[in-house]
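Single-structure report; data block below.
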Amino acid sequence: MSDSTMVRTRFAPSPTGFMHIGNLRTGLYSYLYARKHNGTFVLRIEDTDRERFVEGATEMIYSTLAKAKIDYDEGPEKDGGYGPYIQSERKELYKKYAEELVAMGKAYYCFCDKERLESLKDENGVRTYDKHCRYLSKEEIDAKLKSGAPYVIRFKVPDNVVSSYTDLVFGEISVATEDLEDIILLKSDGMPTYNFANVVDDHSMNITHILRGVEYLSTTPLYNLIYDAFGWQRPTYIHLSPIMKDAQRKLSKRYGDANFEDFVKRGFLPEAIVNYIALLGWCPKDNTEKMTMEEMIEKFDIDGISKSPSIFDETKMRWLNGEYFKEMPFEQYYEMAKPYIAKAELKGNYDTKEIAFLMQTRTEILDDIPEKIAFLDNFGDYDLEWYNHKKMKVDLEVAKKCIEAWLQEIPNTAWDEESIKASMGIAAEKAELKAGQVMFTVRLAMTGTQITPGGAVEMAIILGKEESVRRLNVSLEMINKAL
RNA sequence: GGCUCUGUGGUCAAGCGGUUAAGACACCGCCCUUUCACGGCGGUCACCCGGGUUCGAAUCCCGGCAGAGUCACCA
């Protein structure tokens with residue numbers, strides 16, 4: 001692409017709460033596209049809706065982008081000559097442009113009130129504006145304006161034209177203008193509608209490629225008509241299918257659990273979240289799944305963007321997150337895991353570092369840690385059914401023998417991997433059991449947990465000899481009672 | 001309801017007129033580990049339906065069906 005240096009994309013979130021991941025993905029793709037083409041990525045805050053404005057939400061946008069490592073070249077506090085980048089600070093622009101359009105005869109004042117508009121509803125409750133004010137005489141308009149009657153400015157959609165454009169993902173989209181309404185550009189309070197503000201901003205910020213949700217796919221012809229009316233160059237569009245909660249419902253803020261910040265709090269790594277959502281609706285040519293931001297930039301291409309909606313799968317994101325932990329240097333994992341180990345509020349005097357060491361390859365999300373190490377403190381009632389292991393040929397009887405055998409041979413001096421392992425082997429041999437049977441049984445008897453962060457030897461070491469023996473006796477008693 | 005879009009295993013997805021229809025998650029099994037996990041290997045599971053076009057269709061066309069989006073002085 002010869003004009004690749006000219007690429008300018010933008011991300012334009014509204015400060016209305018937490019950043020949900022569908023939204024973040026749109027920002028990510030805009031970012032990737034800009035970086036891929038050595039373009040400029042701009043952040044614009046669309047805060048014209050005072051009703052939905054949420055305190056602190058703007059800061060949330062900044063912090064989310066920072067954690068996600070999506071850095072913008074232009075934006076609030078980062079002027080690139082196209083500012084201001086906060087929509088509420090650009091008010092004058094819109095009015096000026098709307099009036100310009102009226103002067104050109106491509107927009108008009110409309111004085112219709114709510115009641116009249118309401119009366120236009122059809123049997124389905126769908127309302128279409130009948131263009132009533134489009135045909136007001138000059139005298140009527142002047143008189144109304146002079147009388148101070150409230151008005152809006154509406155766009156004059158050309159009659160009987162088919163407006164088409166080529167979306168880079170969806171291909172050619174055509175809509176007949178008779179299906180388009182004379183939309184409002186400027187509201188009666190002088191503020192622009194979202195649609196109009198968007199067109200004006202994107203044009204005046206010289207945005208060349210617009211990446212946004214598919215919900216705009218069929219209204220884009222209308223946007224284009226506005227560009228045309230001004231004689232502005234139309235941007236290139238890249239519409240993105242939504243991320244769904246299930247086949248029917250879109251992932252939205254209302255479900256609350258789909259926002260970036262919550263995932264981070266639960267122990268998902270920002271880079272894993274970003275990596276995962278990049279894969280929802282996009283697939284690189286070589287099918288790579290685990291990618292760094294740099295790799296994503298390098299591999300990003302419009303061709304790999306899918307047209308159909310994708311359902312968010314937390315299970316897969318958990319898996320990916322776990323992959324990130326596995327390849328992380330231990331010290332880094334240790335620092336991250338510490339607070340979560342502390343969360344378990346273990347009363348025993350355990351080696352935190354040792355716990356972290358055992359947990360690293362067994363962690364999908366940090367939030368799972370407390371639960372997985374809870375057995376260190378909580379030991380007692382567990383299901384004796386767990387001793388029945390068909391393949392290992394263990395049942396309650398065998399379990400009893402295993403525990404008793406090891407108790408006989410338990411190391412008296414050293415309490416380390418070598419001696420513990422050896423003692424288990426000897427115990428098995430003497431009792432004519434398999435070492436695997438002893439280890440399996442003893443691990444269960446010491447932890448009361450089916451899946452533990454380590455084998456029998458590790459569990460014995462971390463619990464300490466005294467506690468290990470105590471628990472073995474408790475388990476033995478439980479088994480004896482059941483037999 | 002009008003208009004626009006979408007439709008490959010449970011999920012993410014590759015596929016771009018000729019493939020035994022990839023791969024990943026999940027699930028199941030085996031191996032490794034004398035025990036948990038990790039890891040390795042293997043398995044079950046898919047082209048929405050019906051018509052065309054073509055020697056040949058998951059791929060192109062038409063129709064149905066299903067789902068989504070949109071039709072605000074919200075963004």
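Per chain, numbering begins at 1; letters A, B, ... match sequence-line order.
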Query raised in the report: Using a cut-off of 4.0 Å on non-hydrogen atoms, how would the nucleic acid contact of A:T449 be classed: base, sugar-phosphate, or nothing?
Result: nothing
Query - Canonical and wobble pairing (Watson-Crick, G-U, under 3.5 Å) of RNA chain B, dot-bracket with | - result: ((((((((.[[[..)..(....]]].(((((.......)))))....[[[[[..)....]]]]])))))))....
Report task. May I ask you to say what A:K121 touches in the nucleic acid, namely base, sugar-phosphate or nothing, with a heavy-atom cut-off under 4.0 Å? Result -> nothing
Requested in this report: Let me know the distance between CG of A:L222 and C1' of B:rC3, rounded to the nearest Å.
Outcome: 13 Å
Query raised in the report: How is A:C112 classified with respect to the nucleic acid when contacts are heavy atoms under 4.0 Å: base, sugar-phosphate, or nothing?
Result: base
Query raised in the report: So what does A:R127 touch, heavy atoms closer than 4.0 Å: a base, only the sugar-phosphate, or nothing?
Result: sugar-phosphate
Requested in this report: Could you tell me the separation between the CD1 atom of A:I184 and the P atom of B:rC71, rounded to a whole number of Å?
Outcome: 13 Å
Output one line per pair: protein atom, nucleotide atom from nucleotides 7-17 of chain B, and distance, for all N/O pairs under 3.5 Å.
unit_1	atom_1	unit_2	atom_2	d
B:rC12	OP1	A:I311	N	3.0
B:rC12	O2'	A:L279	O	3.4
B:rA13	OP1	A:G281	N	2.4
B:rA13	OP1	A:S310	OG	3.3

Query raised in the report: OP1 or OP2 of B:rA75 less than 4.0 angstrom from a side-chain nitrogen or oxygen of A:K187, does that happen here?
Result: yes
Query raised in the report: Considering only the C1' atoms, how many Å lie between B:rC61 and B:rU53, rounded to the nearest integer?
Result: 7 Å
Report task. Find the distance A:K114:NZ to B:rA72:C1' and express it as a whole number of Å. Result -> 9 Å
Between protein and nucleic acid, restricted to nucleotides 35-37 of chain B and to nitrogen or oxygen atoms under 3.5 Å apart, what atom pairs and distances do you find?
unit_1	atom_1	unit_2	atom_2	d
B:rU35	O2'	A:R443	NE	3.2
B:rU35	O2	A:A456	N	2.4
B:rU35	N3	A:A456	N	3.1
B:rC36	O4'	A:R443	NE	3.3
B:rC36	O2'	A:T452	N	3.2
B:rC36	O2'	A:T452	O	3.2
B:rC36	O2	A:R362	NH1	2.2
B:rC36	O2	A:T452	O	2.9
B:rC36	O2	A:G454	N	2.8
B:rC36	O2	A:G454	O	3.3
B:rC36	N3	A:R362	NH1	3.1

Query raised in the report: Nearest 0.5 Å, what's the SG-CG distance between A:C402 and A:L472?
Result: 11.0 Å
Report task. Please determine if A:R90 and A:D201 form a salt bridge, counting it only when a charged side-chain N lies under 4.0 Å from a carboxylate O. Result -> yes
Query raised in the report: Below 4.0 angstrom from OP1 or OP2 of B:rC30, is there any side-chain N or O of A:K391?
Result: no
Requested in this report: Would you please classify the geometry between the A:F312 ring and the A:F263 ring as parallel, tilted or perpendicular, with 30° and 60° separating the classes?
Outcome: tilted
Report task. Please report, rounded to the nearest Å, how far the C1' atom of B:rG39 is from the CH2 atom of A:W319. Result -> 14 Å
